[in-house]
Amino acid sequence: MINFKRVNKWYGSYHALNDVTAEVARGEVIVVCGPSGSGKSTLIRTVNRLEDIQNGTIEFGGKDVNSPVLDINKFRSHVGFVFQSFNLFPHLSVAENIMLAPMSVQKKKKSDARQRAAQLLERVGLASKADSYPGQLSGGQQQRVAIARALAMDPPAMLFDEPTSALDPEMVGEVLQVMKSLARDGMTMMCVTHEMNFAREVADRVWFMDNGCLVESGNPDTFFSNPQSDRAKKFLSDLRTH
Ligand code: ADP
Ligand code: MG
């Protein structure tokens with residue numbers, strides 16, 4: 001589904017992604033971890049071309065993401081992306097936030113978009129909040145709306161960049177729960193997160209990044225019990241001391 005081949009990216013003279021080669025299969029859940037500044041956000045943002053790369057290739061569903069003929073707005077609207085900040089439109093209701101892209105990009109009828117929004121809100125446990133405004137919701141609820149909004153475009157894969165990092169601790173669980181249910185339903189997912197219990201339970205594979213390199217890729221049991229590199233050992237032991 002997502003295919004990185006010898007991907008390199010520089011910010012000026014800083015080598016942010018160093019020869020990354022990796023694949024995400026259909027239905028697979030990847031957790032990307034690694035120290036701050038290791039290139040996790042950069043990597044995930046290259047998938048929908050929020051960041052350009054200087055060489056290598058990235059394919060998404062067989063399409064070359066960096067092709068000059070790709071309709072980038074259309075492409076981006078179909079890749080579900082959930083960030084740390086929710087970025088909901090404050091002047092639109094929860095349902096309207098979810099209906100916006102399906103109506104403007106997919107040209108869905110308002111009644112169809114509303115029906116779909118209701119289904120998705122049900123799915124993320126917020127059926128009663130359709131007519132609320134984002135400012136009336138907790139952070140965890142807003143992030144679940146952001147997930148519903150992404151799902152409204154029927155994305156073939158979902159990308160998450162630290163979706164729970166800005167939340168108060170008591171709200172982390174409800175967002176992870178929604179992500180778990182997506183994973184169970186077979187969604188292809190690439191998740192940058194520090195939630196190592198989530199990685200253990202849900203990930204098919206863990207990618208460990210350091211210094212722009214994809215240092216390790218393995219199943220969670222192996223990664224957590226028997227990390228291969230010194231860098232991964234140090235990362236895990238630092239996490240445990242925190
Ligand atoms: P992570 O998500 O793992 O914390 P990032 O991908 O955000 O790491 O950043 C990787 C490295 O690239 C960091 O050293 C960061 O300072 C640098 N970087 C990120 N974005 C930019 C940018 N827009 N311009 C210059 N350097 C950047
Ligand atoms: Mg980051």
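Read the numbers this way: they start at 1 and go in the same order the structure lists the ligands and their atoms.
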Specify the protein heavy atom at minimum distance from [atom]: its residue, its atom name, and the distance to 0.1 Å.
atom: atom 8 (O) of ligand 1; result: Gly39 N, 3.3 Å
atom: atom 3 (O) of ligand 1; result: Lys40 NZ, 2.8 Å
atom: atom 19 (C) of ligand 1; result: Tyr11 CE1, 3.3 Å
atom: atom 9 (O) of ligand 1; result: Thr42 OG1, 3.8 Å
atom: atom 4 (O) of ligand 1; result: Gly37 N, 2.7 Å
atom: atom 7 (O) of ligand 1; result: Ser41 CB, 3.7 Å

**Request:** For atom 23 (N) of ligand 1, state whether the nearest protein heavy atom is under 4.0 Å away.
**Result:**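 Looking at atom 23 (N) of ligand 1, one finds that a protein heavy atom does lie closer than 4.0 Å.
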**Message:** With a 4.0 Å cut-off on N to O distance, would you call Lys234 and Asp238 a salt bridge?
**Reply:**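 Here Lys234 pairs with Asp238 in a salt bridge, since their nearest N and O are under 4.0 Å apart.
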**Asked** Between Asp71 and Arg76, is there a salt bridge with N-O shorter than 4.0 Å?
**Response**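 Looking at Asp71 together with Arg76, the answer is no, because their closest N to O distance does not fall below 4.0 Å.
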**Request:** Determine which pairs satisfy salt bridge (charged side-chain N to carboxylate O under 4.0 Å, His left out) with at least one residue from residues 154-164, sequence neighbours left out, and list them in order.
**Result:**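 Passing the test, one end in residues 154-164: Arg116-Asp154.
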**Message:** Would you say the Mg ion (ligand 2) has Ser41 as a near neighbour, meaning an N/O/S atom of that residue under 2.8 Å away?
**Reply:**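 For Ser41, the answer is yes, given that an N, O or S atom comes within less than 2.8 Å of the Mg ion (ligand 2).
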**Request:** Measure from NZ or CZ of Lys9 to the centre of the six-membered ring of Tyr11, then state whether that distance is under 6.0 Å and the direction lies within 45° of the axis.
**Result:**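 The answer is yes, since Lys9 meets both limits relative to Tyr11.
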Any atoms of ligand 1 less than 4.0 Å from a non-hydrogen atom of [X]? List them with their elements.
X: Tyr14; value: 11 (C), 12 (O), 14 (O)
X: Pro35; value: 3 (O)
X: Ser36; value: 4 (O)
X: Ser38; value: 1 (P), 3 (O), 8 (O)

**Item:** Side-chain donor-acceptor contact under 3.5 Å, Arg6 with Thr21
**Value:**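 No pair is found: no donor N or O on one side chain lies under 3.5 Å from an acceptor on the other.
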**Prompt:** Between Ile58 and Asn66, does a side-chain contact (heavy atoms from CB on, under 4.5 Å) hold up when you go through it step by step?
**Reply:** CA-CA 7 Å; Ile58 302 171; Asn66 295 285; 4.2 Å; yes
**Request:** Tell me, please, which residues at least two apart from Glu174 pass salt bridge (Lys or Arg N to Asp or Glu O under 4.0 Å).
**Result:**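 Salt bridge (Lys or Arg N to Asp or Glu O under 4.0 Å) list for Glu174, sorted by chain: Arg144.
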**Asked** With ring centroids as reference points, do Phe75 and Phe60 lie under 6.0 angstrom apart?
**Response**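 Ring centroids of Phe75 and Phe60 are less than 6.0 Å from each other.
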**Message:** Taking distance alone, with N or O pairs closer than 3.5 Å, would you say Ala16 contacts ligand 1?
**Reply:**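 Looking only at distances, the answer is no, because the N/O contact criterion of under 3.5 Å is not met.
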**Request:** Could you tell me whether the side chain of Thr188 and the main chain of Ala157 form a donor-acceptor pair under 3.5 Å?
**Result:**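 Side chain of Thr188 to backbone of Ala157: no pair is present.
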